[in-house]
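First up is the structure itself, then whatever we jot down about it.
Residues take their numbers from the sequence shown, with the count starting at 1. Values in this document were obtained by computation on a predicted structure and should not be read as measured data.
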Amino acid sequence: MNRRSIRFRLTAWYAFILIVTFAVTGFTVWWAMRSSIHETVDKDLRTRLRAMRNYLQKQATDPDSGSVAEELAEDASLSGTRFRIIGGDGRWIYQSPETKQWSQQPPDTSHLPTNGRVETITVNGRPFRVLTAQVQLSPIQSGVVQIGVPIDEFYEMLRGFTLTALLASPLVLLLASLGGYWMSRRALEPVDQIARTAEEIGAQNLSERLPSRGTGDELDRLSATLNSMFARLEAAFRQITQFTADASHELRTPVAIIRMTAELARSKPRSSEEYTKALDGILTESERTSRLIEDLMLLARADAGADGMVRGPVNLAECLGDACTEVRVLAEHKGIRLDADVAADCTISGDDQAVRRLFLILLDNAIKYTPSGGEVRATLVLDGSAGKPAAVVEVRDTGVGIYADDLPHVFERFYRAAKDRSRTTGGAGLGLSIARWIAERHGGEIQVESTPGAGSVFRVRLPLLIS
């Protein structure tokens with residue numbers, strides 16, 4: 001038996017509580033029985049005291065009566081009663097035969113109550129309950145009477161109860177502990193089943209779930225919590241697996257192009273123009289690969305919480321204006337009109353390079369998916385409708401738009417709305433993932449609205465810096 005197991009500890013605590021309960025209950029019952037015995041005997045003693053006082057009062061008023069000692073010895077009504085009387089001068093007036101073995105020392109009469117004082121004495125190993133009280137022997141003489149009753153039979157009964165309780169308690173405790181161990185084993189059996197099932201769940205079968213008994217108890221809630229954790233782990237594992245597969249796919253293509261170009265260039269002598277063209281192709285693919293690796297490293301650092309952002313006041317109007325200026329040449333080259341309305345002057349707390357990259361991603365995407373002759377518009381406005389002042393940046397285009405089925409996934413890593421996953425757009429599907437991460441890292445959010453064939457609107461909401 002494992003002494004560290006919950007089953008053993010539950011049984012040990014159960015046994016300890018039983019021991020304490022038995023001890024407290026046994027002592028309480030023993031004390032109640034002893035008190036009841038004393039109360040019953042004391043009541044009988046006080047009844048005899050009243051009878052003794054009545055008898056002595058009657059003898060004291062009878063002129064024909066003899067001495068107190070002679071009358072007490074001859075009175076048949078007092079036969080069998082263990083009592084003795086001592087006079088005010090400290091001499092014993094009368095002692096019944098059974099009391100002569102009691103202590104001959106006069107009793108202490110100081111602070112003696114009217115109803116007398118009751119105590120337990122032991123004579124030759126036999127317990128007696130003795131009542132000591134004052135009595136009037138004659139109109140001019142008072143004394144003290146002691147009336148006793150043997151209580152050995154009562155004590156014998158009390159000792160029998162005590163012995164029975166002491167002998168029976170270990171057996172009852174043993175049976176109760178065995179029953180407690182069986183109950184705890186049965187109650188914790190689902191825990192063992194949960195542990196066994198959890199041990200069998202690995203990377204190959206993350207879809208497995210712990211069983212639920214449908215009782216709604218603590219163990220069912222534990223199973224539900226663990227199943228929820230397994231579901232999150234499965235989703236994270238699937239995301240990592242997909243991320244690895246997509247990264248491998250994205251890196252394989254440019255590496256294959258670089259290798260193939262280099263092999264073709266070396267396969268036979270070529271002109272300088274052909275070598276220059278091959279080197280240009282290798283350079284283009286190398287730049288593309290470098291950008292992809294930088295994006296992957298950024299997301300990896302973001303997942304690890306080591307993004308290295310340097311926070312400070314960021315002027316959104318200047319940041320958005322700089323981003324528009326940088327991409328304007330791309331828009332003009334493609335024949336797209338780029339308008340910027342950044343009249344609102346506002347400041348946020350963040351990293352200016354990260355915020356600038358956020359705007360560049362959105363503007364680059366808008367230009368990339370807008371055909372020649374289209375329009376891209378960037379605006380910056382202030383909004384306090386949500387109860388907290390915020391800056392809202394909108395990038396609106398008249399491009400191809402995004403289908404409704406694709407909208408929930410556009411911010412996922414390596415996701416492209418184009419199902420053919422073509423390389424004509426030049427992206428790897430990481431831009432919007434990085435944009436969302438930057439927005440959330442600055443305490444904001446990013447949303448998208450789109451109509452296929454009419455264009456899209458990306459809206460970024462960032463909390464303002466309150467000075």
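Annotation: Glu39, atom CD; neighbour count of heavy atoms from other residues, nucleotides and ligands within 6.0 Å does not exceed 12.
Judged by distance alone, with hydrogens and angles left aside, the side-chain atoms of Ser96 form a donor-acceptor pair with the main-chain N or O of Phe83 at under 3.5 Å. Counting only distance, with no hydrogens or angles, the side chain of Arg117 and the backbone of Leu112 share no donor-acceptor pair below 3.5 Å. With Arg53 contributing its side chain and Gln134 its backbone, the two residues share a donor-acceptor pair below 3.5 Å. With hydrogens and angles disregarded, a donor-acceptor distance shorter than 3.5 Å links the side chain of Thr21 to the backbone of Ile17. Side chain of Ser349 to backbone of Pro313: no donor-acceptor contact under 3.5 angstrom is found. When atom types are taken as modelled, the side chain of Thr379 and the backbone of Val395 share no donor-acceptor pair closer than 3.5 angstrom. The backbone N or O of Ser456 sits less than 3.5 Å from a side-chain atom of Asp397, completing a donor-acceptor pair. Proximity of a side-chain donor or acceptor of Ser36 to a complementary backbone N or O of Ala32 within less than 3.5 Å is not detected.
Residue Gly444 comes nearest to Leu462 through the heavy atom pair CA-CD2, 4.1 Å, listed as atom of the first residue, atom of the second, then distance. Taking every heavy atom of both residues into account, Leu56 and Gln136 meet most closely at CB-O, 3.8 Å. Contact detail for Cys319 and Val314: the closest heavy-atom pair is CB-CG1, 4.5 Å. In terms of heavy-atom proximity, Gly116 sits nearest to Arg46 at O-NH2, 3.8 Å. Taking both residues in full, the closest heavy atoms of Gly26 and Phe161 are given as O-CE2, 4.3 Å, listed atom of the first, atom of the second, then distance. The minimum heavy-atom distance linking Gly90 with Pro106 is given by the pair O-CG, 4.3 Å.
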inquiry  = Go through it in stages, so that I can follow the logic: the residues are Asp351 and His442, the test is side-chain contact (heavy atoms from CB on, under 4.5 Å), and I'd like the CA-CA distance, side-chain angles, deciding distance and then a yes or no.
reply    = CA-CA 8 Å; Asp351 185 287; His442 286 77; 4.2 Å; yes

ask   = So Ile446 and Leu362, side-chain contact (heavy atoms from CB on, under 4.5 Å) or not? Walk me through it.
value = CA-CA 11 Å; Ile446 183 170; Leu362 298 181; 3.9 Å; yes

task = Evaluate the criterion side-chain contact (heavy atoms from CB on, under 4.5 Å) for residue pair Arg441 and Arg311; output intermediate values, then yes/no.
result = CA-CA 11 Å; Arg441 189 70 175 82; Arg311 288 188 171 273; 3.4 Å; yes

side-chain contact (heavy atoms from CB on, under 4.5 Å) between Met229 and Leu226, worked out = CA-CA 5 Å; Met229 181 190 70; Leu226 291 176; 4.0 Å; yes

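Counting only N and O atoms by type, the side chains of Thr225 and Arg221 include no donor and acceptor under 3.5 Å apart.
Remark: Leu45 CG to Met52 CE distance equals 11.0 Å, nearest 0.5 Å. Note that OG1 of Thr162 is 10.0 Å distant from CE of Met157, once rounded to the nearest 0.5 Å. Taking CG of Leu137 as the reference point, atom CD1 of Ile85 lies at 6.0 Å (rounded to 0.5 Å). A distance of 12.0 Å separates CZ in Arg84 from CD1 in Ile147, rounded to the nearest 0.5 Å. Rounding to the nearest 0.5 Å places OG1 of Thr99 at 9.5 Å from CD of Gln101. With values rounded to the nearest 0.5 angstrom, Asn227 atom CG is found 11.0 Å from Arg232 atom CZ.
Looking only at side-chain heavy atoms (C-beta outward), Arg129 and Asp42 come within less than 4.5 Å of each other. Looking at Leu464 and Leu382, their side chains come closer than 4.5 Å, going by heavy atoms from C-beta outward. Side-chain atoms of Trp31 and Ser35, non-hydrogen and from C-beta on, do get closer than 4.5 Å to each other. Contact annotation: the side chain of Val149 never approaches that of Phe154 to less than 4.5 Å [non-hydrogen atoms, C-beta and beyond]. Residues Trp30 and Arg34 are in side-chain contact: their nearest non-hydrogen atoms beyond the backbone lie under 4.5 Å apart. Counting heavy atoms from C-beta outward, Phe359 and Leu316 have side chains that approach closer than 4.5 Å. The shortest distance between side-chain heavy atoms of Val24 and Thr28 falls below 4.5 Å. Residues Leu163 and Arg159 form no side-chain contact, since every pair of their non-hydrogen atoms from C-beta on lies 4.5 Å or further apart.
Aromatic ring orientation, Phe411 versus Phe458: perpendicular (interplanar angle above 60°, classes split at 30° and 60°).
With sequence neighbours excluded, the residues forming a side-chain contact (heavy atoms from CB on, under 4.5 Å) with Arg357 are Asp295, Leu298, Ile361, Ile434, Ile438, listed by chain and number. Listed by chain and number, the residues in a ring-ring contact (aromatic ring centres under 6.0 Å, His included) with Phe128 are Trp102 (sequence neighbours excluded).
Checked options Thr132, Ile93, Val144; the residue passing with Ile86 is Val144 (criterion: side chain to side chain contact (heavy atoms under 4.5 Å, CB included)). For the pairing with Glu394, the side chain to side chain donor-acceptor pair (under 3.5 Å) check across Arg461, Gln447, Arg459 returns one residue only, Arg459.
Judged as a salt bridge (Lys or Arg N to Asp or Glu O under 4.0 Å), the pairs with a partner in residues 134-155 (not counting sequence neighbours) are, in order, Arg126-Asp152.
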